[in-house]
There are 2 protein chains.
Amino acid sequence: MNIENTKAQMRKGILEYCILSILQNNDAYAAEILETLKNAKLIVVEGTIYPLLTRLKNAGLLQYRWEESTGGPPRKYYAITTAGKAFISELSTTWKDLQYAVESITKPKNTAS
Amino acid sequence: MNIENTKAQMRKGILEYCILSILQNNDAYAAEILETLKNAKLIVVEGTIYPLLTRLKNAGLLQYRWEESTGGPPRKYYAITTAGKAFISELSTTWKDLQYAVESITKPKNTAS
DNA sequence: AACAGTACCTTGTATAGCATAGTATATTGT
DNA sequence: ACAATATACTATGCTATACAAGGTACTGTT
């Protein structure tokens with residue numbers, strides 16, 4: 001029950017939303033997505049993101065194309081699909097509902113103002 | 001990859017925070033906590049909350065006392081400990097950081113304003 | 001004594017993310 | 001041409017949380 005573990009648990013479930021959102025702005029390959037998440041202080045590692053991208057692709061929310069790189073192996077550039085865009089709006093609602101629920105619970109109540 | 005599953009995933013990790021927050025206001029027993037969560041639209045079931053309460057108790061964040069009921073078996077009233085209060089403030093920070101991170105990622109960027 | 005209602009507890013399952021190791025491609029140096 | 005290095009993608013096993021489902025125990029009513 002340490003704080004780091006709890007942080008990791010809170011992160012779970014929002015990564016899909018974050019990744020889809022990142023791709024809504026620009027197509028990107030795994031390393032770029034990873035970099036964006038890190039810049040936003042969402043620590044994620046390779047072993048997490050690759051399976052997640054595959055899952056989103058298999059669900060039809062993402063698609064990818066191969067692109068040559070100036071150095072090193074070709075890159076898988078992911079792009080969001082129509083279904084993915086629709087899913088984002090659902091996730092956005094879910095996230096807002098969750099934020100509201102947590103706020104209403106954690107806000108201390110005036111038991112006898 | 002349906003929305004209900006994703007909702008459940010997002011809920012993960014915030015339940016500890018919510019339960020500790022509820023107990024910060026008043027001592028309560030499991031059924032009361034469950035009711036409060038439901039009122040906030042956080043769907044949780046018995047099988048989730050009992051192990052969680054035990055975990056929080058074993059971590060020293062909660063303590064409990066037995067109290068007689070007017071009808072039915074005695075109730076375990078949980079109360080937050082000093083360590084629990086300290087943990088809440090950490091969770092509060094974590095939650096705010098997470099909200100900020102998600103906001104910065106999901107907010108669409110002006111790629112060429 | 002049997003039943004219903006309340007409250008608490010336990011076991012098994014699914015899923016997400018992590019750690020780690022492995023595979024494949026392209027460039028660089030000899 | 002071959003080996004070494006860097007980049008990018010993939011696969012396997014582990015852990016923790018939440019859920020589903022079933023079980024135990026106590027109290028009051030008929």
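Scope of the values below: all heavy atoms of this structure, side chains included, with no hydrogens, waters or symmetry mates. Letters A, B, ... mirror the listed sequences (proteins, then strands); counts begin at 1.
A continuous path of hydrophobic side-chain contacts links B:I49 to B:L91 [ILVMFWY only; heavy atoms under 4.5 Å]. Both B:Y50 and B:L34 belong to a common hydrophobic cluster when Ile, Leu, Val, Met, Phe, Trp and Tyr are linked at side-chain heavy-atom distances under 4.5 angstrom. Cluster annotation: B:V45 is not connected to B:I19 through the hydrophobic network of ILVMFWY side chains, with a link wherever side-chain heavy atoms come within less than 4.5 Å.
Put simply, CD on B:E46 is 14 Å from C1' on D:dA25, counting in whole angstrom units. Taking atom CD on B:E4 and atom P on D:dC19, their separation rounds to 11 Å, with Å as the unit. Atom pair B:L37:CG and D:dT17:C1' shows a separation of 15 Å (rounding to whole Å applied). Put simply, CE on B:M10 is 15 Å from C1' on C:dT15, counting in whole angstrom units. We find that CD1 of A:I19 is positioned 12 Å from P of C:dA16, with the value rounded to whole Å.
Across all strands shown, B:A30 has heavy atoms under 4.0 Å from sugar-phosphate atoms exclusively, and none from any base.
Taking a cutoff of 4.0 Å between a charged side-chain nitrogen and a carboxylate oxygen, B:K38 and B:E35 do not qualify as a salt bridge.
Close to C:dA7, at under 4.0 Å from its OP1 or OP2, lies a side-chain N or O of B:Y29. A sub-4.0 Å separation between OP1 or OP2 of D:dA18 and a side-chain N or O of B:N5 is absent. Put simply, A:Y50 has a side-chain N or O that comes within less than 4.0 Å of OP1 or OP2 on D:dC9.
Less than 4.0 Å separates DNA chain C from at least one heavy atom of each of the following residues of residues 51-62 of chain A: A:L52, A:R55. Less than 4.0 Å separates DNA chain D from at least one heavy atom of each of the following residues of residues 64-80 of chain B: B:T70, B:G72, B:P73.
Geometrically, B:K76 does not engage B:Y29 in a cation-pi contact, judged by NZ or CZ lying under 6.0 Å from the ring centre and within 45° of the ring axis.
You'll find the side chain of B:L53 reaches within 4.5 Å of the side chain of B:I33, heavy atoms only. The side-chain heavy atoms of B:I105 and A:I22, taken from C-beta on, include a pair separated by under 4.5 Å. Contact of the B:Y78 side chain with the B:R65 side chain is not registered, since no non-hydrogen atoms from C-beta on lie closer than 4.5 Å.
For residues 93-103 of chain A, the side chain to side chain donor-acceptor pair (under 3.5 Å) pairs, not counting sequence neighbours, are A:W95-A:Q99.
Picking from D:dT17, C:dA16, D:dC19 the nucleotide with the shortest atom distance to the side chain of B:V45 gives D:dC19.
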